[in-house]
Amino acid sequence: MKNLKGKKVLVYGMGVSGQAVCKLLHKKGACISFYDEEERFGSFYAFDKNPTINHYDLIVVSPGVKVIGNEIISHFLLSKTPIISELDLAFSFCKGKVIGITGTNGKTTVTSLVGKVLKEAGKKTFVCGNIGLPFSSVCEEGGKDSLYVCEVSNFQLELTSIFKADIACVLNIAPDHLDRHGSYDEYIRTKRKIISTSPLQKVVLNFDDDIARNFRISKKVLYFSKKILNKGVFIKNNWIYFNKTKIISCSDVPLFGQKNLENVMACVAICSKLKIKPKFIKAGISSFKVPPHRLEYVGSLNGAQVFDDSKATNISSVEMAIQALGENRLTLLMGGQNKNCDFDEFFSRGYEFEHLYLFGEAGEYLYSSAKRFGYNPELFKTMKSCVNFVRRHAEEGQIILLSPGCASFDEFGSYAIRGDVFKELMFDCYEKIELK
C-alpha cells in the first residue's frame, strides 16, 4: 500500500471523500481512473465508463457507494482485485494516533467534543471522517504526536479491512440504514468492525447499551454509564466521574438531555484514555457549542420554543429528543424518506404529543402507523407546507421540534439543508435556495 507509484487505481464514487482520495493518490504517483453513477461526471478526464473491462491494481470505494448487490464491486471481488475503503487508504499513510468513534447516534457530537477538549489541552488535533472533512485529506498533515479524531459511519466501515483505530469508541447501536445493509444483523456486524483484534487497541463502550456493551473482546475496555460503576466513567450525585475523580458537574454541561450526558461521558472516557488532565476536559466540555441540527435550540416564536433536530434520521434519535425535551406541549414534526424503518414500535409507546405533524415521501406511511395507535396526526405533502402551518399556529408554551426520523433525500440534498430551510421557514426569512 505504501508504494502506489505507477499503480492503476480506480476510485469508485466521486463525492467529497472520493475527491480527497484522488488528490492523495495523485500525490503518491498512482495512475488514477474513477467511476461514478452520476452522469455529470461522464465527460471528465479519467472517467472510466466501463470499469469492469479494464485491469486495476487497486479499487478505493467511497462511503456513498452501496456495496450489497453492486455488480462492479462483485466483479472485482471475483477477480481478486484488492478493494479498500477511503478510511483504509488514509490510515495507511497516517503517522499519528487515531481515535475512531462510531454508533447509531451521537457520533458527530462526541467527535466534536473530543476535538474541542484535545485542542483545549494543546494537542495537535485533526477532527475528520464522517463529520465532513475526509480522513484522506488530512492524514499526512500531522506527525507522530498528532491526534486524529475520526467520526466513523457504517458506510465507511463496510469495506474497511486495514483501518485500526488506536482508540475505538462505540456509543450505541439501534436499527438504522437497513435499506443499505439488508438486515439489522448485518448493520451490527458492520459497526463491530471498528473493534480490532489488536491487543494494543483501547476500547470505549456504552455500558447501558446491550449491544455495544457486548462488543468487548479484550480487557482494555473502559465503560461509561449513567449507573454508578466500580471503574469507568459514570454519574454520581449529579457529577460525572472518571473512577474516583470528579470531572464536571452535570449542571455545567451545555447540552440538552440524557442522551447528551452519554455523549459527554463518552468524551470523558476517550480523553481519560489519552491521559488528558481533568481541568482541560472540564474546560473543553463547558465551553462547547452543540453542532447545528442536533437538538439545536434555534429561538422563540410567539412564545413557543423551537428546536432543529434535522440530524435525527432514525427512530432512536427521535426518541432521544423526546426524552430530552419531554412530551408536555410538544409539537413534533416527522417525515422525509424512510430507510426501511418500522415506526409501529415508536407509536406504540403512547407519547402524549400536543400535535403530531407528518410530511414528505414517508408521510402517508407514518400517518397510517400513527393512526393505528390512536394518534390524530395531520399530513402535509412537503416539509415547507408543514412548517408554514406550524409557524402560523405557534402558541406560547409550546415546544416545536423538527425530529424527522427519516432521511432528507425526498426533498433535500442533506439533513443540514433540511435544517437550514426549517429555520428560515419558521422565522419567516425563507429565501429561494438550491434544495438538491
Side-chain angles (χ1 to χ4, degrees), residues 1-26 28-39 41-42 44 46-94 100 102 129-130 134-136 139 150 152-165 168 176-198 215 339-340:
M1 185 64 67
K2 293 290 185 183
N3 184 14
L4 291 171
K5 189 172 183 179
K7 299 291 185 182
K8 290 190 67 177
V9 183
L10 177 72
V11 179
Y12 188 175
M14 281 299 286
V16 175
S17 293
Q19 292 170 38
V21 165
C22 286
K23 290 177 182 177
L24 180 58
L25 289 170
H26 177 72
K28 297 300 174 185
C31 299
I32 310 162
S33 299
F34 75 89
Y35 176 78
D36 193 291
E37 277 84 5
E38 286 196 35
E39 293 181 2
F41 291 110
F44 282 38
F47 179 81
D48 185 350
K49 63 180 180 180
N50 293 307
T52 56
I53 66 173
N54 295 311
H55 167 76
Y56 287 100
D57 299 305
L58 179 68
I59 315 295
V60 184
V61 182
S62 298
V65 175
K66 187 173 181 179
V67 175
I68 294 176
N70 188 307
E71 293 181 1
I72 293 175
I73 291 176
S74 295
H75 167 82
F76 287 113
L77 285 172
L78 288 171
S79 67
K80 294 185 169 32
T81 305
I83 301 177
I84 63 170
S85 69
E86 182 261 341
L87 280 185
D88 287 335
L89 182 72
F91 183 77
S92 299
F93 295 102
C94 179
T102 198
N130 192 58
F135 187 16
S136 53
C139 61
C150 192
V152 182
S153 73
N154 49 298
F155 292 177
Q156 291 173 307
L157 285 168
E158 203 166 5
L159 281 174
T160 294
S161 58
I162 299 168
F163 176 81
K164 289 179 177 59
D176 196 13
H177 298 295
L178 304 188
D179 55 336
R180 166 97 172 212
H181 296 291
S183 71
Y184 189 28
D185 285 344
E186 180 61 21
Y187 174 72
I188 293 171
R189 189 196 69 79
T190 300
K191 285 290 191 188
R192 195 181 186 113
K193 288 179 71 177
I194 199 168
I195 310 293
S196 78
T197 56
S198 169
F215 277 9
K339 298 187 286 185
N340 286 3

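Bear in mind that the values here come from a model prediction, so they are computed numbers and not experimental data.
When Thr81, Val65, Ile68, Leu78 are each tested for a side chain to side chain contact (heavy atoms under 4.5 Å, CB included) with Ile73, only one passes: Val65. Of the residues listed (Phe76, Tyr56, Tyr12), the one engaging Tyr35 in a ring pair (Phe, Tyr, Trp, His ring centres under 6.0 Å) is Tyr12, and it is the only one.
For the atom pair NZ of Lys164 and NZ of Lys193, the computed distance is 10.0 Å after rounding to the nearest 0.5 Å. Taking CD1 from Ile53 and NZ from Lys49, the interatomic distance works out to 8.5 Å, rounded to the nearest 0.5 Å. For the atom pair CD1 of Ile83 and CD1 of Ile59, the computed distance is 6.0 Å after rounding to the nearest 0.5 Å. To the nearest 0.5 angstrom, Leu25 atom CG is 5.0 Å from Ile32 atom CD1. Here the straight-line distance linking atom CD1 of Ile84 with atom CG of Leu58 works out to 4.5 Å at 0.5 Å rounding.
In this structure the side chain of Cys150 reaches within 4.5 angstrom of the side chain of Leu87, judged on heavy atoms. Considering only heavy atoms from C-beta on, Phe91 stays 4.5 Å or farther from Thr160 through its side chain. Residues Leu4 and Leu89 have side chains in contact (heavy-atom distance under 4.5 Å, counting atoms from C-beta outward). Cys22 has its side chain within reach of Met14: a pair of non-hydrogen atoms, C-beta onward, lies under 4.5 Å apart. Contact of the Asn130 side chain with the Gln156 side chain is registered, since non-hydrogen atoms from C-beta on lie closer than 4.5 Å. Using a 4.5 Å heavy-atom cutoff, the side chains of Leu24 and Cys139 are in contact.
Using modelled atom types, no side-chain atom of Thr52 and backbone atom of Ile72 make a donor-acceptor pair closer than 3.5 Å. In this structure a side-chain-to-backbone donor-acceptor pair under 3.5 Å is present from Glu86 to Ser136. Remark: the backbone N or O of Val9 is not paired with any side-chain donor or acceptor of Asp57 at under 3.5 angstrom. With hydrogens and angles disregarded, no donor-acceptor distance shorter than 3.5 Å links the side chain of Asn154 to the backbone of Thr190. Distance alone, capped at 3.5 Å, is enough to place a donor-acceptor pair between the Asp88 side chain and the Ser85 backbone.
You'll find the ring centres of Phe34 and Phe47 inside the 6.0 Å limit.
Summarising the geometry of Gly6 relative to Cys31, their closest heavy-atom pair is O-SG, 3.9 Å, with the distance given to 0.1 Å. The nearest pair of heavy atoms linking Ser17 to Ser62 is C-OG, 4.4 Å. Across every non-hydrogen atom of Gly15 and Asp36, the tightest pair is N-OD2, 4.5 Å.
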**OP:** Go through the steps to decide whether Ile162 and Ser92 satisfy the test side-chain contact (heavy atoms from CB on, under 4.5 Å), and finish with yes or no.
**Re:** CA-CA 8 Å; Ile162 299 168; Ser92 299; 4.0 Å; yes
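Around NZ of Lys23, the count of heavy atoms belonging to other residues, nucleotides or ligands within 6.0 Å does not exceed 12. The 12-atom threshold is not exceeded at NE2 of His26, counting heavy atoms of other residues, nucleotides or ligands nearer than 6.0 Å. Around atom NZ of Lys7, no more than 12 heavy atoms belonging to other residues, nucleotides or ligands sit under 6.0 Å away.
Classified by interplanar angle (parallel below 30°, tilted 30° to 60°, perpendicular above 60°), the ring pair Phe41/Phe44 is perpendicular.
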